[in-house]
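Side-chain atoms are counted along with the backbone in the values below, which use heavy atoms only and exclude waters and symmetry mates. Numbers restart at 1 for each chain; the letters A, B, ... are given by sequence-line order, proteins then strands.
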Protein chains: 2
Amino acid sequence: MSNLAPASARYEQTVQRFLDELEQAGKRKTPQRAAICRAVVESGGHPTVAEIYQRVTRSFPMISQATVYNTVDTLRELGLIIRLDIANHDHTHYDVVTEPHVNVVCRYCGAIIDVYDPSVDALLEAVAGRSGFSLSPEAGLILYGICPHCLTRGNHARGDGSSPAE
Amino acid sequence: MSNLAPASARYEQTVQRFLDELEQAGKRKTPQRAAICRAVVESGGHPTVAEIYQRVTRSFPMISQATVYNTVDTLRELGLIIRLDIANHDHTHYDVVTEPHVNVVCRYCGAIIDVYDPSVDALLEAVAGRSGFSLSPEAGLILYGICPHCLTRGNHARGDGSSPAE
DNA sequence: TTAGCTGCAAATAGTTTGCAGTTTT
DNA sequence: AAAACTGCAAACTATTTGCAGCTAA
């Protein structure tokens, strides 16, 4: 792991990158958007619009959810974040990580973690070869299971896909 | 591929399996459910509730969508089908294939195909090892891209995730 | 200036749910 | 008979959209 800089500095760097990309795309750099970008990055994971909205509200009490929806969609169009449609989660999640990886979701507590492994690239190549598809590089692969924490706690009583947490 | 039996016979066999599983689970075997099971299997792919409903309406003009939703969810609980939450598709799809495989979705025309490859198993093992998760065996992996047909037709003008068909 | 963005409110629509009557076992 | 299921309609809610006023460039 390369943790040469403190988290805050890395976050700020990413936020700056987002703003630069917005500018390059001819989009306006509004204070709301800056706050939303910051919220997305600082969420440190896989935020939903509701989470982003709640976070941004601290600095912009009057902001509307529609603005968050709009901005998040703009960021997605620019390829800066990707959508994660997770089964049984009421809200759509977004991921700052755009390189091919796997999102592993706990069926019980709803936790989402990113996993990187060479087998992802192998899978992409194999699937592209077999299907003839031109696959999107930012594959938002999702796998479901029970996380170590819930396994230990014995929280995995039911094997179905009922929604326990988020 | 092992196509020893005609499609219709294989379908009927699967329908029978579904009905048997329903019975074993202590569920009732109603004519509506039989029709829904048949519709799911005969849809030959990745049906939505709307598609199933439309198909079942032929034999049960008075059936309600709620019944389809209920039954489909029951089948899912029993592990006979899996849910596919596909980005930008308005309806939830279901897949009769429950073995680990990849669903490849065309961003342009919405087509969904199943791809089997040993790399899927490798991925599952690697992810399970790295994450410590107990992964669900019926991994509904989804990848996005442009299908060969749309590639040829040059239909892939836009690289974003806007919804074109489906 | 002016095209684009924000915020508010209303609309959209897939899915879920409550309930009364019906049916399988 | 009893629990389960069906069908209808109403409810739910995340997301989208229209529009008037603001604002970054």
Exercise. Is any side-chain N or O of T92(B) closer than 4.0 Å to OP1 or OP2 of dG14(C)?
Worked result: no
For this session: Please figure out whether R28(B) or K27(A) has its closest DNA chain D nucleotide nearer the 5' end.
Result: R28(B)
Exercise. Ring pair (Phe, Tyr, Trp, His ring centres under 6.0 Å) with H46(A): which residues, sequence neighbours excluded?
Worked result: none
Exercise. What residues form a ring pair (Phe, Tyr, Trp, His ring centres under 6.0 Å) with Y116(A), not counting sequence neighbours?
Worked result: H101(A)
List in chain and number order the residues that pass side-chain hydrogen bond (donor to acceptor under 3.5 Å, both in side chains) with [X], two or more places apart in sequence or in another chain; answer none if no residue qualifies.
X	answer
S136(A)	R107(B)
N70(A)	none
Q16(A)	D20(A)
E12(B)	R38(B)

For this session: Name the first nucleotide and the last nucleotide along DNA chain D (5' to 3') that come under 4.0 Å of a heavy atom in chain B.
Result: dA3(D) to dC8(D)
Would you list the pairs meeting salt bridge (charged side-chain N to carboxylate O under 4.0 Å, His left out) in which at least one residue belongs to [range], sequence neighbours left out?
range	answer
residues 140-151 of chain A	none
residues 23-36 of chain B	E23(B)-K29(B)
residues 110-134 of chain A	D117(A)-R130(B), R130(A)-D117(B)

Seminar exercise, completed: Per-residue pairing states of DNA chain D in dot-bracket (Watson-Crick or G-U under 3.5 Å; . unpaired, | other strand) read |||||||||||||||||||||||||
Between [atom2] on [N] and [atom1] on [X], what's the gap in Å once rounded to a whole number?
X	N	atom1	atom2	result
H91(A)	dT15(C)	NE2	C1'	15 Å
Q32(B)	dT23(C)	CD	P	9 Å
L22(A)	dG4(C)	CG	C1'	13 Å
M62(A)	dC5(C)	CE	C1'	16 Å
Y53(A)	dG7(C)	OH	C1'	10 Å
I63(A)	dT6(C)	CD1	C1'	8 Å

Exercise. Looking at OG1 of T48(A) and CG of D90(A), how far apart are the two atoms once the value is rounded to the nearest 0.5 Å?
Worked result: 10.0 Å
For this session: Could you check R83(B) against T30(B) and say which one's nearest nucleotide on DNA chain C is further toward the 5' end?
Result: R83(B)
For this session: Could you identify which residues of residues 64-74 of chain A place a heavy atom less than 4.0 Å from some atom of DNA chain D, listed by residue number, or say none?
Result: A66(A), Y69(A)
Problem set entry | Matching residue for I52(A) among S43(A), P47(A), C37(A) - test: side chain to side chain contact (heavy atoms under 4.5 Å, CB included) | P47(A)
